[in-house]
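Data block below; observations after.
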Amino acid sequence: MSILTIPKLADEVFLRPIIISMNSLALSALMSYVMSANGSLDWRPITICVTSDILAMGADHLKDKEEEFSSDRNNANDLRLASWFMYARTFLTASAMLLALALSQCPVSTLLTTAAFVAPALLWTTPISFKKFGLISRRLLGMFGGDMHQSEPPKSAPVLVIKRIPGMKAIFNGIIRGCGIYTVVLSVLSGSGNLTNTLPSPWSVVQLIVWSTVSRSCHAIMTDVRDFEDDLKAGVPTIPVLLGSVLKTKVILTACHMLVMSAFIGNPYIMGSCLFAAVLVWMLGKDSPKKAFLFSSHSQSLFIIWYLTRQYLQL
């Protein structure tokens, strides 16, 4: 078992969520800019997307580290390490307050949209017991005069963990960070009457959604490539484990990036991003340093910055 240290805790709970959320910052900034009628950046969807990312990832990592901390008796006397958990909770609380502030300035549709996409991420590793649903249904039936005995669930009700559903990590990452960000930006801009009817060249709604969804899904699978050996031993049903080969996984990922590039060949920013991501697929592997995979998470960010910088210089 690896020893929990302050640098390791800070990396997992602070640094990594912040770095990963910078992709959501770049993507939401791009969508806010090209989808707004006056070509401006709206702070509300950007704040919602960034803080939601930090909360979902930070809370998941904090839970893992708290379990690791409590499993080692020697940590009980490490007051400095314990204080960092307080800092982490304060950081997540501040992010939640900032998220609440941004949502308070948005229409109700934005709140519902955010909840729909963030809830599965927060419940990622939480066991969902169907026994509870059975108890609720029994109470409802009892209220309306139903037979409570006939609706009793079996003694050993099944438990669902989203993380254990084959391929769900890649699907969730793609949908939440692709479709989710677009939907949040759409609800904010349409609610304020600042939504454009036509996106500026070379962008389109289909490009933004497909490019973002595929890119984020592929990055999620790349992190599974990194953890292939551990996931295989633990029986975690990731895409590489299901395929039984890192090589097969890399071929499929490259094909996905090439398909997106060829579909939107008129957009140099998407083309550059897809080529960069495809190169990283073959440069990174299960023996690569964990931090090197952060480049894969920002295969979009670099080209979004390029686009927004060009627009700024043309003003």
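Values reported hereafter were calculated over all heavy atoms of this structure, with side chains retained and with hydrogens, waters and symmetry mates removed.
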Any side-chain heavy-atom pair of Tyr182 and Leu27 under 4.5 Å
no
Do Arg16 and Leu294 make a side-chain contact, defined as non-hydrogen atoms from C-beta onward lying under 4.5 Å apart?
yes
Quick one, Tyr33 and Ser40 - any side-chain contact, counting heavy atoms below 4.5 Å?
no
Nearest 0.5 angstrom please: Lys233 NZ to Asp227 CG, how far?
12.0 Å
If you look at every heavy atom in Pro107 and Ser187, which pair is closest and at what distance?
CG-O, 3.6 Å
Do Thr249 side-chain atoms and Ser245 backbone N/O form a donor-acceptor pair below 3.5 Å?
yes
Can you find a pair of side-chain heavy atoms, one from Trp282 and one from Val251, that are under 4.5 Å apart?
yes
Does a donor on one side chain and an acceptor on the other come within less than 3.5 Å for His219 and Ser297?
no
d(Ile171 CD1, Thr213 OG1) to nearest 0.5 Å is 12.0 Å
Please check this pair: side chain of Asn267 against backbone of Ile270, looking for a donor-acceptor N/O pair closer than 3.5 Å.
yes
Measure from the side-chain N and O atoms of Ser28 to the backbone N and O of Leu25, and report whether any donor-acceptor pair falls under 3.5 Å.
yes
Taking the side chain from Thr223 and the backbone from Ala220, do they hold a donor-acceptor pair closer than 3.5 Å?
yes
As a test of understanding, state which of Leu103, Thr114, Leu99 forms a side-chain contact (heavy atoms from CB on, under 4.5 Å) with Thr51.
Leu99
Return the CD1 to CZ distance between Ile6 and Phe85, rounded to the nearest 0.5 Å.
10.0 Å
Cluster link Val210 to Ile304, ILVMFWY, side chain under 4.5 Å:
yes
Can you find a pair of side-chain heavy atoms, one from Ile19 and one from His298, that are under 4.5 Å apart?
yes
Please check if the distance between the ring centroids of Trp211 and Phe264 is under 6.0 Å.
no
Cluster check Leu81, Leu92: I/L/V/M/F/W/Y, side chain < 4.5 angstrom:
yes
Contact between Ile54 and Phe91 at the side-chain level, heavy atoms closer than 4.5 Å - yes or no?
yes
Could you see if Tyr269 belongs to whatever hydrophobic cluster contains Phe295? Use Ile, Leu, Val, Met, Phe, Trp, Tyr and a side-chain cutoff under 4.5 Å.
yes
Tell me whether Val13 is reachable from Tyr87 by hopping between hydrophobic residues (I, L, V, M, F, W, Y) whose side-chain heavy atoms are closer than 4.5 Å.
yes
When you measure from the side chain of Ser32 to the backbone N and O of Ala29, does any donor-acceptor pair fall under 3.5 Å?
no
Check whether any side-chain N or O of His257 sits under 3.5 Å from a backbone N or O of Ala278 as a donor-acceptor pair, and report yes or no.
no
Does the side chain of Ser301 pick up a donor-acceptor pair with the side chain of Asn23 at under 3.5 Å?
yes
Between Asn194 and Asn38, does any side-chain donor sit less than 3.5 Å from a side-chain acceptor?
yes
Ser24 and Asp53: side-chain donor and acceptor closer than 3.5 Å?
yes
Derivation and outcome, side chain to side chain contact (heavy atoms under 4.5 Å, CB included), residues Asp11 and Lys291
CA-CA 10 Å; Asp11 177 70; Lys291 291 183 179 179; 3.9 Å; yes
Within the side chain of Ser52, is there an N or O that forms a donor-acceptor pair under 3.5 Å with the backbone of Cys49?
no
Nearest 0.5 Å, please: how far is CZ in Arg226 from CD1 in Ile221?
13.5 Å
Before giving the answer on side chain to side chain contact (heavy atoms under 4.5 Å, CB included), spell out for His61 and Glu66 the whole-Å C-alpha distance, their side-chain angles and the decisive distance to 0.1 Å.
CA-CA 9 Å; His61 290 182; Glu66 284 178 335; over 6 Å; no
Taking every heavy atom of Leu284 against every heavy atom of Met222, the minimum-distance pair comes out as CB-CE, 3.8 Å
Counting only heavy atoms from other residues, nucleotides and ligands, does the tally under 6.0 Å from OH of Tyr307 exceed 12?
yes
Minimal non-hydrogen separation, Ser299 against Ser273, with atom names
O-OG, 3.0 Å
What are the two closest heavy atoms between Arg44 and Asp42, and how far apart are they?
NH2-OD2, 2.8 Å
Could you check if a side-chain atom of Ile239 sits within less than 4.5 angstrom of a side-chain atom of Leu243, using non-hydrogen atoms only?
yes
Are Phe303 and Met271 close enough that some pair of their side-chain heavy atoms sits under 4.5 Å apart?
no
Between Ser217 (side chain) and Val214 (backbone), is there a donor-acceptor pair under 3.5 Å?
no
For Leu199 and Ser204, which heavy atoms make the closest approach, and how far apart are they?
CD2-C, 3.7 Å
Give a yes or no on whether Val185 and Leu308 share a hydrophobic cluster (residues Ile, Leu, Val, Met, Phe, Trp, Tyr; joining criterion: side-chain heavy atoms under 4.5 Å apart).
yes
Neighbour count above 12 (heavy atom, 6.0 Å) for Met258 CE
yes
Audit row: Leu195, Leu186, side chain to side chain contact (heavy atoms under 4.5 Å, CB included) steps and yes/no
CA-CA 7 Å; Leu195 184 67; Leu186 177 67; 3.5 Å; yes
In this structure, CG of Leu275 is separated from CG of Leu280 (nearest 0.5 Å) by 11.0 Å
Check whether Lys250 reaches the backbone of Val281 with its side chain - one donor and one acceptor, N or O, closer than 3.5 Å.
yes
Any chance you could measure Leu41, atom CG, to Leu30, atom CG, to the nearest 0.5 Å?
9.5 Å
Where Ser36 and Gly39 come nearest, the two heavy atoms and their spacing:
OG-N, 3.1 Å
